[in-house]
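Take a look at the structure set out below.
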Amino acid sequence: MRLRSERATTGAVAQAAEALGVLCGVYLAASPWIVGFNGFTTLTTNNLITGVALALLMMGAFGSAYERTHAMSWAAFGIGVWTIVAPWAVSGSFDTTRTITSNVIVGAVACLMALVLALRGVIGIHRL
């Protein structure tokens with residue numbers, strides 16, 4: 001089991017998915033200043049915290065063994081889903097075109113990268 005997980009997470013696709021997931025996290029954390037909605041304090045704080053958490057999860061920073069970090073990609077998937085609904089869910093009226101577009105795109109990419117890593121680890125898909 002350990003060997004299969006290690007093989008699944010060391011492939012080129014898995015490493016590319018992790019790198020893109022880390023970039024999503026960094027962008028999410030910086031998006032209020034990049035896109036220009038840093039005046040929305042609660043959404044800015046939300047994106048900063050979830051962006052840092054996503055970047056750390058996708059790097060495997062919370063795992064003690066690299067081959068077990070694919071299970072944490074399900075948590076990254078949850079962060080991606082939260083990122084998509086955050087403009088409507090956090091307190092205040094933050095459902096502007098900029099906030100929705102930014103959060104939905106980065107949330108969808110984060111969900112996709114998390115799913116790729118989770119499925120490679122769980123099912124052992126090697127041809128993705």
Side-chain angles (χ1 to χ4, degrees):
M1 173 93 160
R2 180 183 236 175
L3 182 61
R4 184 187 73 163
S5 296
E6 189 173 335
R7 271 188 274 130
T9 56
T10 57
V13 172
Q15 290 175 354
E18 281 184 353
L20 191 54
V22 170
L23 288 176
C24 282
V26 170
Y27 172 77
L28 181 60
S31 66
W33 295 276
I34 293 171
V35 179
F37 58 88
N38 58 334
F40 302 144
T41 308
T42 53
L43 188 61
T44 299
T45 305
N46 174 73
N47 281 12
L48 180 63
I49 292 169
T50 55
V52 169
L54 179 64
L56 289 174
L57 277 171
M58 295 304 277
M59 283 189 321
F62 295 131
S64 59
Y66 184 74
E67 65 270 2
R68 286 182 264 169
T69 58
H70 71 272
M72 285 185 256
S73 58
W74 291 109
F77 179 79
I79 290 174
V81 170
W82 171 252
T83 300
I84 293 170
V85 300
W88 298 282
V90 297
S91 63
S93 177
F94 304 121
D95 53 346
T96 66
T97 304
R98 293 180 296 175
T99 59
I100 292 171
T101 303
S102 176
N103 277 30
V104 167
I105 290 172
V106 76
V109 172
C111 286
L112 182 64
M113 295 304 105
L115 278 176
V116 166
L117 291 173
L119 291 177
R120 286 182 61 92
V122 171
I123 301 172
I125 299 173
H126 300 293
R127 294 185 183 200
L128 278 179

Between [X] and [Y], which heavy-atom pair has the shortest distance, and what is it?
X    : Y    : value
M58  : A76  : SD-CB, 3.6 Å
V116 : A17  : CG1-CB, 4.1 Å
L48  : A29  : CD1-O, 3.7 Å
V81  : C111 : N-SG, 3.5 Å

Inset, instruction - Check for a donor-acceptor pair, side chain of N103 on one end and backbone N or O of T83 on the other, with a separation under 3.5 Å. - result: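 Answer holds: yes.
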Inset, instruction - Could you tell me whether the side chain of R98 and the main chain of F37 form a donor-acceptor pair under 3.5 Å? - result: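 Such a contact is absent between R98 side chain and F37 backbone.
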Inset, instruction - Kindly indicate whether the side chain of W82, heavy atoms from C-beta on, has any atom under 4.5 Å from the side chain of L54. - result: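 No, their side chains stay 4.5 Å or more apart.
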Inset, instruction - Please determine which of V85, N46, N47 meets the side-chain contact (heavy atoms from CB on, under 4.5 Å) test together with V90. - result: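 Filter result, single survivor: N46.
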Inset, instruction - With C24 as reference, evaluate I105, L112, V109 under the side-chain contact (heavy atoms from CB on, under 4.5 Å) test and give the passing residue. - result: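 Only one option passes, and that is V109.
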Inset, instruction - Look at the side-chain heavy atoms of Ile, Leu, Val, Met, Phe, Trp and Tyr, link any pair under 4.5 Å apart, and say whether I49 and L43 land in one connected group. - result: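 No, I49 does not connect to L43 through the hydrophobic network.
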Inset, instruction - Please answer: with hydrophobic residues joined when any side-chain heavy atoms are less than 4.5 Å apart, are V22 and L20 in the same cluster? - result: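 Both belong to a single hydrophobic cluster.
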Would you give the length of the straight line joining atom [atom1] of [X] to atom [atom2] of [Y], rounded to the nearest 0.5 angstrom?
X   : Y   : atom1 : atom2 : value
T45 : N38 : OG1   : CG    : 10.5 Å
L28 : I34 : CG    : CD1   : 10.0 Å
F40 : T99 : CZ    : OG1   : 6.5 Å

Legend entry - Donor-acceptor pair between T44 and T41 side chains, under 3.5 angstrom: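 No, T41 and T44 have no side-chain donor paired with an acceptor closer than 3.5 Å.
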